[in-house]
Amino acid sequence: MTLITNHMPTAELQAIDAAHHMHPFTEDKDLAKKGARVITRANGVTLTDSDGNEFLDAMAGLWCVNIGYGRNELAEAAARQMTELPYYNTFFQTTHVPAIALAEKLADLAPYDLNHVFFASSGSEANDTNIRMVRTYWAQKGQPERDIIISRRNAYHGSSMGSGSLGGMSAMHAQGGMPIAGIHHIGQPDWWSEGGAMSPDEFGLMRARELEQAIEELGAHRVAAFIGEPIQGAGGVIVPPSTYWPEIQRICDKHGILLIADEVICGFGRTGNWFGSQTFGIRPHIMTIAKGLSSGYAPIGGSIVCDEVAEVIAGCEFAHGYTYSGHPVACAVALENLRIMDEEGIVDRVAAETGPYLQQKWETLADHPLVGETRMVGMMGSLVLTPDKASRATFAFDAGTVGLICREHCFASGLVMRAVGDRMVISPPLVMSRDDIDRLIERATRALDLTHARLKQDGMMKAAG
Ligand code: PXG
């Protein structure tokens with residue numbers, strides 16, 4: 001076996017990677033030709049690759065490194081826990097201190113009566129837990145036929161059979177036998193792309209009322225729960241019109257349907273509050289968490305559950321759990337992450353200072369000839385690339401063609417920004433300073449200018465007919 005180190009030439013690392021490593025959501029044949037970008041180090045908000053290039057990470061990894069890279073306190077917490085108790089399970093009436101402490105901390109942070117935590121190692125696993133938990137809840141209450149979960153098209157809830165089925169990604173559903181039975185999808189509140197001549201507020205109401213129509217068609221006695229991300233993340237940072245969530249809440253309340261807020265991206269300060277539900281006034285029965293819970297330093301997720309649902313579930317043996325539910329090292333890392341976020345007032349800073357500053361700067365990009373709508377909530381934002389902002393036109397090419405061109409120009413400009421179709425999205429570490437934000441905007445502007453020049457040169461500023 002080769003000893004593989006950070007000091008090997010990039011081409012050798014890429015060749016071994018292409019030979020043996022299957023990547024998620026990647027066409028591996030294309031990747032083998034081009035070679036994967038090898039990230040070797042990171043500190044603060046900056047990534048370094050194997051050729052020594054530096055990038056400002058405006059995606060916080062994959063929407064998760066909320067406290068930034070290089071916080072040794074988390075490494076030390078992991079090392080301490082590994083020495084003391086590297087593993088024990090939480091099955092069969094056992095527990096351990098890190099799981100106890102983290103569950104208590106989460107109950108304290110979470111709003112309303114969300115006081116109980118079921119641990120998992122990822123958002124996908126947590127949403128699988130949620131599917132089984134809400135169905136078990138209704139079965140325990142003598143209504144086993146109440147098993148349908150309503151979700152939205154273009155939602156992302158994970159990649160396992162259950163969570164991928166909850167999600168509304170058609171490319172995922174086309175592979176491997178998804179969705180599973182008992183999941184129903186309604187429209188998403190994406191006004192820019194789908195709102196037509198309606199005002200955003202009218203459109204928000206219309207899309208929320210699709211929930212009521214679905215409940216009426218399916219029969220309320222069949223519907224267990226509705227699940228939604230407060231802001232759709234992987235779907236393109238779709239910020240719903242202000243009318244949307246209050247109407248969804250009203251409909252869930254009226255029909256007695258459980259509401260699951262998927263906080264995997266919106267949680268832990270991303271929107272300027274601890275949870276996106278607080279930003280949008282949502283009162284969920286269950287919140288899905290992962291990512292920012294440990295700032296990505298250790299794989300951990302979970303479901304935070306309200307008193308009533310937890311009480312009903314406690315009435316049976318919930319035959320569910322993962323070997324790593326409440327993994328002590330992951331819990332210790334998450335606790336240290338939350339301690340730092342608390343002590344450094346990171347969420348308050350996003351709400352009062354850096355979030356508004358980023359928003360103000362980000363909105364200036366709307367003046368760019370290539371940019372339609374810009375949105376920013378807390379530190380989660382998107383901009384739409386369009387050949388004609390007045391008519392909210394899409395390009396005359398496959399969705400994503402222009403987004404990918406822009407993404408490449410971002411990399412070349414030292415910026416990691418993600419393309420979702422022809423939207424560019426950011427979700428930077430919450431510890432970004434004003435200087436970091438200035439650099440981000442400078443580089444994004446440069447990438448947009450280069451993209452625009454390239455599109456003009458190649459005659460690509462054409463709207464779909
Ligand atoms: N819910 C939401 C809202 C998510 O964003 C998951 C659940 C699943 O979490 P795990 O930990 O199982 O991945 C996610 C994950 C992207 C991208 O390309 C987004 C996610 C994952 C991978 C890629 O934007 N979100």
Side-chain angles (χ1 to χ4, degrees), residues 23-27 57-66 118-131 149 151-169 171-172 178 183 188-189 225-240 259-268 270-271 275-277 279-280 282 284 286-304 322 324-325 327 330 333-334 377-378 380-382 399-400 403-404 407 410 416-428:
H23 290 252
F25 287 91
T26 305
E27 261 186 66
D57 183 10
M59 277 308 294
L62 211 43
W63 322 78
C64 55
V65 188
N66 290 6
F118 196 106
F119 286 113
S121 298
S122 68
S124 299
E125 284 183 359
N127 277 326
D128 279 11
T129 298
N130 294 339
I131 295 173
I149 302 170
S151 176
R152 286 99 50 91
R153 289 189 276 282
N154 199 37
Y156 191 84
H157 297 298
S159 199
S160 58
M161 283 301 285
S163 63
S165 299
L166 284 180
M169 298 289 175
M172 291 176 72
M178 290 200 279
I183 313 287
Q188 59 167 336
F226 172 79
I227 183 167
E229 304 153 79
I231 298 173
Q232 289 154 259
V237 183
I238 311 295
V239 182
L259 204 167
I260 307 168
D262 186 335
E263 296 271 2
V264 168
I265 286 177
C266 293
F268 305 101
R270 179 58 55 203
T271 69
F275 297 97
S277 292
T279 303
F280 288 92
I282 307 165
I286 299 177
M287 296 197 302
T288 321
I289 54 170
K291 294 192 190 271
L293 167 58
S294 65
S295 282
Y297 281 58
I300 181 164
S303 309
I304 314 185
Y322 308 107
Y324 299 135
S325 285
H327 190 286
V333 170
V377 178
M380 176 171 186
S382 60
L404 282 185
R407 191 184 70 176
C410 288
V416 180
M417 183 145 83
R418 183 150 151 26
V420 179
D422 293 326
R423 278 171 189 267
M424 303 307 296
V425 304
I426 63 167
S427 165

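In listed order, ligands and their atoms are each counted from 1. In this chain, residues are counted from 1 in sequence order.
For Arg423, the salt bridge (Lys or Arg N to Asp or Glu O under 4.0 Å) test picks out Asp190, with sequence neighbours left out. By the side chain to side chain donor-acceptor pair (under 3.5 Å) test, Ser124 is found to be paired with no residue, residues two or more places apart in sequence or in another chain being considered. Evaluation of the side chain to side chain contact (heavy atoms under 4.5 Å, CB included) rule for Ser295 yields Asn66, Ile67, Tyr297, Asn337 as partners, not counting sequence neighbours.
Side-chain N or O atoms of Ser382 include one that pairs as donor or acceptor with a backbone N or O of Val237 at under 3.5 Å. Remark: the backbone N or O of Gly276 is paired with a side-chain donor or acceptor of Glu263 at under 3.5 angstrom. Without hydrogens or angle criteria, Glu229 side chain to Tyr156 main chain gives a donor-acceptor distance under 3.5 Å.
Contact residues for ligand 1 (protein heavy atom closer than 4.0 angstrom to any ligand atom): Leu62, Trp63, Ser122, Gly123, Ser124, Asn127, Tyr156, His157, Gly158, Glu229, Ala234, Asp262, Val264, Ile265, Lys291, Arg418.
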